[in-house]
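Just so you know, residue 1 is the first one in the sequence shown, and it goes up from there.
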Amino acid sequence: MTDTTNTPGADGADGGDAFVSAFTAAGADYLFCSSGSEWAPVWESLARRHRDGLPCPRYLDLTHETVAVGMATGYGLVTRRPQGVLLHAAPGLLQGSMAVHGALLAGVPMVVASSESTTYGDAPGHDPGGQWYRNLSIVGGPHGVARPFTKWANEAASVHTLPTMITRAAELAWRAPAGPAYLDIPLEILLEKWDGRAAKPIVEPGSTHSSPEEADEVARMIREAENPVIVTETAGRETGGFEALVAFAEAWQIPVVEPDSAVCGNFPRTHPLHAGSDIGPWMDEADLILLVNCRAPFYPPSRRPSKAKIVVIDEVPQRPHVVYQVLYADRYLEGDVANSLRQLAKRAKDPDEAAAIARRATQAERHADEQAALLAAEAKAAEAEGIDPVLVAGTLRKLLDGRDAIVVDETITHSRVVKRHLRTDAPDSYYYVQGGLGQGIAVALGVKLAAPERPVVFTVGDGAFTYNPVIPSYDASRAYDLPVLIVVFNNRVYKSMNLNHRRFYPDGAAAETGEWLGTDLHRLPRLASFAEPFGMHTETVDTPDALAPALERALQAVADGTTAVVDVLVTR
């Protein structure tokens with residue numbers, strides 16, 4: 001190792017070294033950066049560490065803010081640990097804010113940082129540059145802007161507190177409810193001399209558990225119920241949550257509903273106890289509803305079950321970032337969700353066997369009906385003219401069978417088709433992109449970064465695809481060797497927007513004249529062609545017979561190390 005006078009804490013060390021030292025101590029694997037001029041001190045510190053063989057997070061140089069945040073989101077979905085995200089000033093934060101908000105909704109921990117100037121060139125020492133005075137600063141500082149869409153936002157006001165501020169941000173981001181924390185780090189702080197007071201390494205959050213008496217009471221309610229149901233949105237996001245939910249449901253023989261608002265795979269869709277995505281039939285039939293990590297079960301919120309008692313099982317039932325939340329809870333079981341589910345599974349002793357048999361028989365009939373409906377829908381799609389979206393999802397399922405794939409979904413019109421017919425059945429095998437459209441490719445790349453040995457498939461509609469920063473995403477894929485399969489459900493229209501127009505104005509002027517504004521995508525070029533300059537595998541498919549061979553070739557290309565884009569022209 002080369003001797004240096006610029007190691008952390010030595011003479012010449014500055015805020016950049018404090019920054020890198022703190023993220024190293026925090027255990028960050030990566031710094032996802034959309035470059036800005038304020039990060040020169042961090043770049044210099046990383047260069048010194050690389051030269052001298054010192055540990056530091058791996059730096060990813062990304063060309064769009066949404067790509068930087070989205071990749072951190074995808075990586076965090078799989079690893080569940082906070083990473084660093086570097087954006088440029090207030091404008092870069094604003095550009096990335098949609099993806100930061102998506103990370104908040106998805107419950108992904110990360111520390112997002114950007115900068116400002118506090119001296120505007122009127123102080124001795126380093127000149128920050130006139131761009132801060134003229135263009136980049138914002139009244140109240142970027143931390144004021146970040147507060148509505150982050151879990152916590154603050155400013156690092158001194159180089160001496162910078163490392164521990166980063167530690168605090170990482171620890172806050174990691175704890176329930178997990179989400180992005182933001183830190184405004186003025187450029188002058190990054191350039192200030194640092195005395196080497198490094199941050200202490202952070203450790204995993206401790207767990208909280210409900211008391212045995214609370215679990216006993218919920219077990220009593222389950223034992224006395226004749227028609228209970230489990231509803232979950234994010235149980236699979238918790239460490240061990242997927243497996244714990246399966247054990248709990250099986251122990252008590254309780255059906256599991258994953259509503260359309262589910263954001264990840266929570267329960268095997270092939271399991272006989274999986275009861276689909278519609279909570280509607282249970283609103284009048286169920287006498288006990290167990291909401292397991294289910295932030296917004298009823299829509300509209302005023303729609304409440306007619307007779308069911310409601311038990312909420314969630315580490316943080318009342319989500320502080322949700323503007324309006326109605327749970328109608330009769331009892332809360334708070335603390336670590338996987339632990340709560342395991343405790344309830346252990347209490348499944350001496351249940352009402354007759355009631356359990358009746359539930360099992362009813363659910364078996366319901367499950368058989370669903371399987372028959374799936375097969376009928378896929379058979380109908382196979383016989384249809386053109387490519388039906390059901391055919392795309394069903395074909396993907398068959399091709400992915402046995403490959404341990406991860407699906408990242410950013411479809412809107414076809415999201416129910418994707419969930420229903422892909423039928424993912426393993427932990428960490430399905431994620432739905434949260435928040436505004438246009439993050440999905442980056443999230444898929446981040447998932448691939450975290451799980452390089454697993455095939456990653458990104459499903460997206462043509463409208464959502466055009467919202468994505470496609471060129472910067474492809475650049476990141478190629479630069480960092482992250483091959484994914486992108487399947488576009490292309491119906492040449494913003495279908496969801498058109499459906500809402502028709503719903504609100506069924507007999508309006510647009511219906512009369514055929515002038516549907518804001519929806520036509522026929523003018524776009526072939527979407528796969530954007531990947532060609534990057535040397536990626538591209539196909540456009542418009543006939544059913546060509547679909548499976550094209551997807552097979554694309555999967556092989558991904559296995560061989562290149563991203564593949566298959567633009568499928570679907571009929572609806």
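A pairwise comparison of heavy atoms in A173 and P109 identifies O-CB, 3.2 Å as the closest pair. Closest heavy-atom contact between M71 and A476: SD-CB, 4.0 Å. Contact detail for G76 and V108: the closest heavy-atom pair is CA-CG1, 3.8 Å. What you find for T562 and G535 is that their closest heavy atoms are OG1-O, 3.8 Å. The shortest heavy-atom contact between V69 and G96 is CG2-O, 4.2 Å. Taking all atoms of both residues into account, the shortest heavy-atom contact from L31 to P57 is CG-CB, 4.0 Å.
Side chains of L396 and T459 form a contact here, defined as non-hydrogen atoms less than 4.5 Å apart. For the pair T413 and Y494, the minimum side-chain heavy-atom distance is 4.5 Å or more. A 4.5 Å side-chain heavy-atom check between S477 and M536 finds at least one atom pair inside the cut-off. Taking 4.5 Å as the limit, some side-chain heavy atom of R175 sits within range of a side-chain heavy atom of K151. When side chains are defined from C-beta on, V392 counts as touching F489, because their heavy atoms get closer than 4.5 Å. Contact annotation: the side chain of P533 never approaches that of Y474 to less than 4.5 Å [non-hydrogen atoms, C-beta and beyond]. Annotation: side chain of F32 is in contact with side chain of L449 (closest heavy-atom distance under 4.5 Å). Using a 4.5 Å cut-off on side-chain heavy atoms (C-beta onward), P128 and Y133 make no contact.
The aromatic ring centres of Y75 and Y30 sit less than 6.0 Å apart.
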Take R48 and D17 through the side-chain contact (heavy atoms from CB on, under 4.5 Å) test and state the conclusion after the steps. CA-CA 9 Å; R48 287 197 293 265; D17 294 299; 2.5 Å; yes

Do E65 and S97 pass the side-chain contact (heavy atoms from CB on, under 4.5 Å) test, and can you show the C-alpha distance, the side-chain angles, and the key distance before you say yes or no? CA-CA 9 Å; E65 291 85 354; S97 60; over 6 Å; no

Between R572 and V390, does a side-chain contact (heavy atoms from CB on, under 4.5 Å) hold up when you go through it step by step? CA-CA 10 Å; R572 60 185 175 94; V390 170; 3.6 Å; yes

Would you check, one step at a time, whether the test side-chain contact (heavy atoms from CB on, under 4.5 Å) holds for V111 with F23? CA-CA 9 Å; V111 178; F23 273 102; 3.8 Å; yes

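Taking the charged nitrogens against the carboxylate oxygens, K419 and D409 have no contact shorter than 4.0 Å, which rules out a salt bridge. In summary, D428 and R80 engage in a salt bridge, as defined by a charged side-chain N under 4.0 Å from a carboxylate O. Salt bridge annotation for R526-E532: absent, with no cationic side-chain nitrogen under 4.0 angstrom from a carboxylate oxygen.
Across L521, T571, D462, a single residue satisfies side chain to side chain contact (heavy atoms under 4.5 Å, CB included) together with N491, and that is D462.
Judged by distance alone, with hydrogens and angles left aside, the side-chain atoms of E539 form no donor-acceptor pair with the main-chain N or O of L551 at under 3.5 Å. Looking at D567, its side chain never comes within 3.5 Å of a backbone N or O of N490 through a donor-acceptor pair. Judged purely by atom type and a 3.5 angstrom limit, N468 uses its side chain to pair as donor or acceptor with the backbone of A464. At least one donor-acceptor pair under 3.5 Å links the side chain of R492 to the backbone N or O of V570. In terms of modelled atom types and a separation under 3.5 Å, the side chain of R237 and the main chain of A106 share a donor-acceptor contact. E410 places a side-chain N or O within donor-acceptor distance of the main-chain N or O of Q439, the cut-off being under 3.5 Å. In terms of modelled atom types and a separation under 3.5 Å, the side chain of N266 and the main chain of E233 share a donor-acceptor contact. Of the possible polar contacts, none joining the T150 side chain to the P180 backbone as a donor-acceptor pair under 3.5 Å is found. Side chain of T411 to main chain of G461: no donor-acceptor pair is present (N/O by atom type, distance under 3.5 Å, no hydrogens or angles).
Ring orientation note: the planes of H274 and F267 are tilted relative to one another, at an angle of 30° to 60°. Using the six-membered ring where Trp is involved, W516 and H501 have ring planes that are perpendicular, over 60° apart on the 30 and 60° scheme.
There is no side-chain donor-acceptor pair under 3.5 Å between Y432 and S261. Using modelled atom types and a 3.5 Å distance limit, the side chains of Y467 and T66 yield no donor-acceptor pair. Judged by distance alone, the side chains of D545 and T543 never bring a donor and an acceptor atom under 3.5 Å apart.
The line from CZ of R403 to OG of S429 is 15.5 Å long, rounded to the nearest 0.5 Å. If you take CG on D61 and CH2 on W39, they are separated by 13.5 Å, rounding to the nearest 0.5 Å. Here the CZ atom belonging to F458 is positioned 8.5 Å from the CZ atom belonging to F465, to the nearest 0.5 angstrom. Atom CG of L485 and atom NE2 of H537 lie 9.0 Å apart (nearest 0.5 Å). C264 contributes atom SG, which lies 8.0 Å from atom CG of L77 (distance to the nearest 0.5 angstrom). Put simply, OG1 on T24 and CG on D29 are 10.5 Å apart, with the number rounded to the nearest 0.5 Å.
Residue-environment remark: CZ (R454) exceeds the threshold of 12 foreign heavy atoms within 6.0 Å. No more than 12 heavy atoms of other residues, nucleotides or ligands sit less than 6.0 Å from atom CD of E204. Atom CZ of R147 is surrounded by more than 12 heavy atoms from other residues, nucleotides or ligands within 6.0 Å.
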Give every donor-acceptor pair under 3.5 Å between a side-chain atom in residues 87-94 and any protein atom, sequence neighbours left out.
| residue | atom | partner | partner atom | Å |
| --- | --- | --- | --- | --- |
| H88 | ND1 | E38 | OE1 | 2.5 |
| H88 | ND1 | E38 | OE2 | 3.4 |

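Residues satisfying the side chain to side chain donor-acceptor pair (under 3.5 Å) test with T232, not counting sequence neighbours, are none.
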